[in-house]
Amino acid sequence: MTTKRDYYEVLGLPRGATGEDVKKAYRKLALEYHPDRNKAAGAADRFKEVNEAYHTLNDPERRAAYDRFGHAGVTNGGQGAGHPGFDTFGGFGEIFDAFFGGGTTTRRGPRPGRDLEYHATLGFEEAVFGVDKELELDREEPCERCKGSRSEPGQTPTRCTTCNGTGQVRRVQRNIFGQFAQISACSTCGGEGRVVQNPCKECNGRGRKRRQGKIVVKVPAGIEDGTRVRLTGEGEPGEPGAPRGDLYLYVAVKPHDLFARDGTNLLLEMEINFAQAALGATVEVPTLKATRTVKVPAGTQSGTVFRIRGEGVPEIGSSRRGDLLVTVFVSVPEKLNAKQKALLEQLSDTLQPGGATPVDERRNGKGGLIGRIKDAVNGDSRES
């Protein structure tokens with residue numbers, strides 16, 4: 001029984017050789033021992049051995065199995081499924097590629113249309129409620145005269161006689177390895193298989209003309225600033241038989257005078273006076289649609305957040321809406337008339353003096369402004 005040589009030894013490589021090292025060694029040895037060049041006794045067996053080693057070491061999975069288990073780790077002595085040996089010229093394309101720049105080329109299919117970009121600016125309420133936005137585009141469109149055929153009306157491109165409509169030409173070469181067929185794109189028709197004999201006078205045979213046009217895009221409710229929307233098939237037309245490109249719409253949203261946005265929630269800051277905060281009151285709160293009444297309980301502190309459910313932003317693709325979070329601040333009057341001043345002085349005499357509060361507690365504590373806003377977002381807010 002013949003003992004197989006180590007595959008690394010066959011190719012003259014160390015075990016840490018790279019994939020590129022494996023290919024280079026294979027090309028060199030395959031050319032040296034190929035039976036069409038080397039008629040010496042044993043050359044065919046040597047070539048088969050080189051081919052077998054290459055197919056194992058060039059495949060990462062098979063190489064890993066070989067490194068771990070040796071020849072027992074690879075199927076059929078290194079010639080498993082999909083890796084034929086010398087008898088079927090397995091792997092010989094590597095040699096051909098190295099010296100002739102590749103074997104065959106496939107016919108180039110019709111190219112799809114070019115993608116376009118458009119930047120649109122929406123008003124705050126347009127983004128919240130959605131809008132049908134009219135866009136004016138400068139893009140190529142199929143020629144109206146030839147309908148994209150590139151030929152004069154009533155005529156059509158004819159089959160290329162050079163390649164007989166295949167878009168490819170075949171050249172046969174003979175060399176030391178035998179006879180090889182090299183296939184390349186037809187230079188007459190550019191690989192399309194058809195030739196325009198009488199080009200359209202309107203578009204000069206291009207099949208397209210640049211012109212301005214308008215389209216209406218339905219922008220969904222709830223879209224955010226910076227969103228990119230893909231509009232399939234709204235780009236430029238492709239070659240005959242190929243799809244149009246796409247239009248990518250980049251959305252910018254203008255800020256609102258009163259409201260800010262946090263995901264699907266709207267944020268609003270509102271002032272109430274000292275009396276309303278101390279005694280309680282019912283106040284009118286603006287929303288994007290109308291106004292809502294909010295009951296401010298007696299003793300409300302500055303920074304308290306009230307949640308008005310369902311008055312926020314729609315969730316795209318859903319019937320759910322966010323909420324309106326209203327943060328109230330107690331306003332301190334800058335000027336008082338004599339009567340107001342006298343009343344406040346009387347009130348001050350009946351109130352206990354205030355005290356200092358630690359900074360961390362004041363800013364972030366349960367009763368602090370930041371803490372109350374966080375609680376409101378997380379659901380711990382006053383309902384109205």
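All values reported here derive from a predicted model rather than from experimental measurement.
Side-chain atoms of Thr327 and Glu269 include no donor-acceptor pair closer than 3.5 Å. In this structure, a donor-acceptor pair under 3.5 Å is absent between the side chains of Asp138 and Gln212. Between the side chains of Tyr8 and Arg63, a donor-acceptor pair is found at a separation under 3.5 Å.
For the pair Cys146 and Arg206, the minimum side-chain heavy-atom distance is 4.5 Å or more. Under the 4.5 Å side-chain criterion, counting only non-hydrogen atoms from C-beta, Leu122 is in contact with Lys133. A 4.5 Å side-chain heavy-atom check between Val313 and Arg261 finds at least one atom pair inside the cut-off. In this structure the side chain of Phe306 reaches within 4.5 angstrom of the side chain of Pro297, judged on heavy atoms. Taking 4.5 Å as the limit, every side-chain heavy atom of Phe329 sits out of range of all side-chain heavy atoms of Ile272. Using a 4.5 Å heavy-atom cutoff, the side chains of Glu202 and Lys209 are in contact. Leu267 has its side chain out of reach of Leu324: every pair of non-hydrogen atoms, C-beta onward, lies at least 4.5 Å apart. Between Cys163 and Cys189, the closest side-chain pair of non-hydrogen atoms falls below 4.5 Å.
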*Can Glu315 and Thr264 be said to form a side chain to side chain donor-acceptor pair (under 3.5 Å), step by step?*
CA-CA 6 Å; Glu315 184 178 317; Thr264 59; 5.8 Å; no

*Would Asp67 and Arg15 satisfy side-chain contact (heavy atoms from CB on, under 4.5 Å), going step by step from the backbone distance to the final call?*
CA-CA 8 Å; Asp67 288 345; Arg15 287 192 169 265; 3.2 Å; yes

*Would you sort out whether His55 and Asp59 count as a side-chain contact (heavy atoms from CB on, under 4.5 Å), showing the intermediate values?*
CA-CA 6 Å; His55 280 302; Asp59 185 313; over 6 Å; no

_For Arg46 and Glu32: C-alpha separation, side-chain torsions, deciding distance, then whether salt bridge (Lys or Arg N to Asp or Glu O under 4.0 Å) applies._
CA-CA 10 Å; Arg46 184 78 172 93; Glu32 180 180 351; over 6 Å; no

*asked:* Run the salt bridge (Lys or Arg N to Asp or Glu O under 4.0 Å) test on Arg244 and Glu140 for me, step by step, so that the C-alpha distance in whole Å, both residues' side-chain angles and the decisive distance to 0.1 Å come before the verdict.
replied: CA-CA 11 Å; Arg244 294 183 68 115; Glu140 288 194 331; over 6 Å; no

*Can Glu144 and Arg211 be said to form a side-chain contact (heavy atoms from CB on, under 4.5 Å), step by step?*
CA-CA 11 Å; Glu144 294 181 348; Arg211 61 175 180 264; 3.9 Å; yes

*Run the numbers on Arg309 and Glu311 for salt bridge (Lys or Arg N to Asp or Glu O under 4.0 Å), then give the verdict.*
CA-CA 6 Å; Arg309 294 197 176 274; Glu311 290 291 349; over 6 Å; no

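In the displayed structure, Arg210 atom CZ is contacted under 6.0 Å by more than 12 heavy atoms of other residues, nucleotides or ligands. Summarising the local packing, OH of Tyr250 is surrounded by more than 12 heavy atoms from other residues, nucleotides or ligands at distances under 6.0 Å. Within 6.0 Å of CZ on Arg68 lie no more than 12 heavy atoms contributed by other residues, nucleotides or ligands. More than 12 heavy atoms of other shown residues, nucleotides or ligands fall within 6.0 angstrom of atom CZ in Arg5.
With Thr121 contributing its side chain and Ala252 its backbone, the two residues share no donor-acceptor pair below 3.5 Å. With Asn265 contributing its side chain and Asp323 its backbone, the two residues share a donor-acceptor pair below 3.5 Å. When atom types are taken as modelled, the side chain of Asp246 and the backbone of Gly233 share a donor-acceptor pair closer than 3.5 angstrom. Proximity of a side-chain donor or acceptor of Gln155 to a complementary backbone N or O of Glu152 within less than 3.5 Å is not detected. No donor-acceptor pair under 3.5 Å is formed between the side chain of Arg150 and the backbone N or O of Thr156. In this structure, Asn51 contributes its side chain and Lys48 its backbone to no donor-acceptor pair below 3.5 Å.
A pairwise comparison of heavy atoms in Val253 and Phe124 identifies CG1-CA, 3.9 Å as the closest pair. The heavy-atom pair separating Glu52 from Lys4 by the smallest distance is OE2-NZ, 2.9 Å. Residues His256 and Leu288 come closest through the heavy atom pair NE2-CD2, 3.9 Å. Residues Cys203 and Arg208 come closest through the heavy atom pair CB-O, 3.6 Å. Contact record, Val22 with Leu13: CA-CD1, 3.7 Å, taken as the closest heavy-atom pair. The shortest heavy-atom contact between Asp132 and Val216 is CB-CG1, 3.9 Å.
For the atom pair SG (Cys143) and NZ (Lys201), the distance works out to 13.0 Å, reported to the nearest 0.5 Å. Note that CG of Leu57 is 11.5 Å distant from CG of Asp21, once rounded to the nearest 0.5 Å. To the nearest 0.5 Å, atom CD1 of residue Ile215 and atom CG of residue Leu231 are 6.0 Å apart. Note that CD of Glu9 and CG of Leu11 are 10.5 Å apart. Values are rounded to the nearest 0.5 Å. Taking CD of Glu234 as the reference point, atom OG1 of Thr232 lies at 9.0 Å (rounded to 0.5 Å).
Looking at Arg230 and Asp115, no side-chain N of the basic residue comes within less than 4.0 Å of a carboxylate O on the acidic one, giving no salt bridge. Electrostatic pairing of Glu236 and Arg139 does not count as a salt bridge here, judged by no charged N lying under 4.0 Å from a carboxylate O.
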Tabulate below the donor-acceptor pairs under 3.5 Å that side-chain atoms of residues 332-347 make, not counting sequence neighbours, or state none.
residue, atom, partner, partner atom, Å
Asn337, OD1, Lys339, N, 3.2
Asn337, OD1, Gln340, N, 2.7
Gln340, OE1, Asn337, N, 3.1

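Under the 6.0 Å cut-off for aromatic ring centres, Tyr54 and Tyr26 qualify, their centroids lying closer than that.
A perpendicular orientation is assigned to the rings of Tyr66 and His71, their planes being inclined by more than 60° (bins at 30° and 60°).
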